[in-house]
**Q** 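For reference, the structure I am asking about is given below.
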Amino acid sequence: CSYPRSGCHWLWEQLRMLMAGTTDVEVKEKQGGMLEKNFDFDLLPSPRILNNHLLFRQMPDDIRKKKPRMVLIYRNPKDTALSLYNLERNGTSWWNYYGTFKDYLDLFFKGNVCWGSCTDYLNDW
C-alpha cells in the first residue's frame, strides 16, 4: 500500500523475490495485482502479493475483515512530489502539468494534485 510514486512497484518486486527465495523471478506486469483493477483475486494463486494506492477506508470489506499482512510504504513527501512532478509535467502523462516544480510543490502539499494529500493518505492508514 502506498501513495502513488512512493515505491509500490519496487516493493512488489522485492516481495516477489523474497517469496520465491531467488532474484530470478518471472517477469510480470504489476497491474495484474492492483486492487484498483477490481477483478476476482481468488483466481490468483495463493499466497498473493497485491498492490494498491487506496486509502484504508477504500479497501474492500473482505480485506478489512480477514486482516491479511500489509506493508505500508511512506516515502519522503518531497521525493514523492518530485517523482509526481516529473510524471505529470510537460504533457508526459494525461495530467499535462506545465508549471514549475516550486508551484507544483505548493499544489502537492495543499493536496491539490490528482491523488490528493499525501498527509491525508498516511493519516487514513
Side-chain angles (χ1 to χ4, degrees):
C1 311
S2 72
Y3 186 85
R5 310 303 293 180
S6 295
C8 182
H9 189 188
W10 177 84
L11 183 62
W12 179 75
E13 293 288 357
Q14 299 299 314
L15 291 173
R16 289 181 60 233
M17 287 186 262
L18 283 170
M19 287 181 64
T22 179
T23 57
D24 187 25
V25 294
E26 177 187 353
V27 174
K28 287 187 176 182
E29 176 60 40
K30 171 186 89 133
Q31 301 301 331
M34 295 294 288
L35 286 174
E36 292 93 324
K37 294 294 181 181
N38 294 319
F39 66 89
D40 189 356
F41 293 106
D42 290 332
L43 298 176
L44 295 174
S46 185
R48 299 168 193 80
I49 301 173
L50 305 174
N51 293 296
N52 77 77
H53 299 307
L54 301 172
L55 297 167
F56 184 76
R57 66 177 170 258
Q58 296 171 319
M59 298 290 282
D61 289 337
D62 282 352
I63 288 179
R64 288 187 295 208
K65 289 176 189 171
K66 293 179 182 179
K67 299 181 181 179
R69 292 181 182 134
M70 292 191 211
V71 178
L72 176 65
I73 304 168
Y74 196 68
R75 183 179 182 187
N76 180 320
K78 288 191 288 187
D79 294 337
T80 302
L82 182 59
S83 183
L84 279 172
Y85 170 73
N86 284 319
L87 176 69
E88 297 180 10
R89 70 188 177 114
N90 302 326
T92 56
S93 73
W94 56 89
W95 295 283
N96 296 320
Y97 179 78
Y98 290 94
T100 66
F101 178 64
K102 181 182 177 194
D103 292 337
Y104 185 83
L105 196 59
D106 186 51
L107 293 171
F108 178 82
F109 281 113
K110 288 179 181 175
N112 294 329
V113 293
C114 185
W115 289 286
S117 166
C118 66
T119 305
D120 289 347
Y121 181 89
L122 181 63
N123 288 336
D124 195 76
W125 278 91

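We count residues from 1, following the sequence as given.
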**Q** Between A81 and L105, what is the shortest heavy-atom contact and its length?
**A** CB-CD1, 3.6 Å
**Q** Rounded at 0.5 Å granularity, tell me how far CD1 in I63 sits from CG in L50.
**A** 6.0 Å
**Q** What distance do M34 atom CE and H53 atom NE2 have between them, rounded to the nearest 0.5 Å?
**A** 4.0 Å
**Q** Answer yes if L54 and L11 sit in the same cluster of Ile, Leu, Val, Met, Phe, Trp and Tyr residues linked by side chain heavy atoms under 4.5 Å apart, and no otherwise.
**A** no
**Q** At what distance, to the nearest 0.5 angstrom, does CG of L122 lie from OH of Y3?
**A** 12.0 Å
**Q** Out of curiosity, C118 SG to N76 CG, how far, rounded to the nearest 0.5 Å?
**A** 9.0 Å
**Q** Hey, any chance M19 and V25 share a hydrophobic cluster, counting ILVMFWY side chains that come within less than 4.5 Å of each other, even indirectly?
**A** no
**Q** Which heavy atom in E36 sits nearest to a heavy atom in N51, and how many Å separate them?
**A** OE1-O, 3.8 Å
**Q** Test of understanding: clusters of I, L, V, M, F, W, Y form through side-chain heavy atoms closer than 4.5 Å, transitively. Do I49 and I73 belong to the same one?
**A** yes
**Q** Give me the atom names and distance for the closest heavy-atom approach of L72 to Y121.
**A** CD1-CE2, 3.9 Å
**Q** What are the two closest heavy atoms between S6 and T80, and how far apart are they?
**A** OG-OG1, 3.6 Å
**Q** Got a donor-acceptor contact below 3.5 angstrom from the N86 side chain to the L82 backbone?
**A** yes
**Q** Quick one: do K65 and D61 make a salt bridge, cutoff under 4.0 Å?
**A** no
**Q** Quick one: do V71 and L18 end up in the same hydrophobic cluster if we chain Ile, Leu, Val, Met, Phe, Trp and Tyr together by side-chain heavy atoms under 4.5 Å apart?
**A** yes
**Q** Show, in sequence, the C-alpha distance, side-chain angles and deciding distance for Q58 and N52, and conclude whether the side chain to side chain contact (heavy atoms under 4.5 Å, CB included) test is met.
**A** CA-CA 10 Å; Q58 296 171 319; N52 77 77; over 6 Å; no
**Q** Which heavy atom of P77 sits nearest a heavy atom of F109, and at what distance?
**A** CB-CE2, 3.7 Å
**Q** Let me confirm one number: the CH2-CZ distance from W115 to F108, rounded to the nearest 0.5 Å.
**A** 10.5 Å
**Q** Check step by step if side chain to side chain contact (heavy atoms under 4.5 Å, CB included) holds for L84 and Y97.
**A** CA-CA 10 Å; L84 279 172; Y97 179 78; over 6 Å; no
**Q** Would R89 and Y104 count as a side chain to side chain contact (heavy atoms under 4.5 Å, CB included) here? Give the steps.
**A** CA-CA 9 Å; R89 70 188 177 114; Y104 185 83; over 6 Å; no
**Q** For the hydrophobic clusters of this structure (ILVMFWY residues joined by side-chain heavy atoms under 4.5 Å, transitively), does one cluster hold both W12 and Y74?
**A** no
**Q** Please step through side chain to side chain contact (heavy atoms under 4.5 Å, CB included) for the pair W125 and S2, ending with a clear verdict.
**A** CA-CA 10 Å; W125 278 91; S2 72; over 6 Å; no
**Q** Do you know which two heavy atoms are closest between P60 and L35, and how far apart they sit?
**A** CD-CD1, 4.4 Å
**Q** Once rounded to the nearest 0.5 Å, what's the spacing between atom CZ of F101 and atom CG of D106?
**A** 11.0 Å
**Q** Do any N or O atoms from the side chain of R75 and from the backbone of R5 form a donor-acceptor pair under 3.5 angstrom?
**A** yes
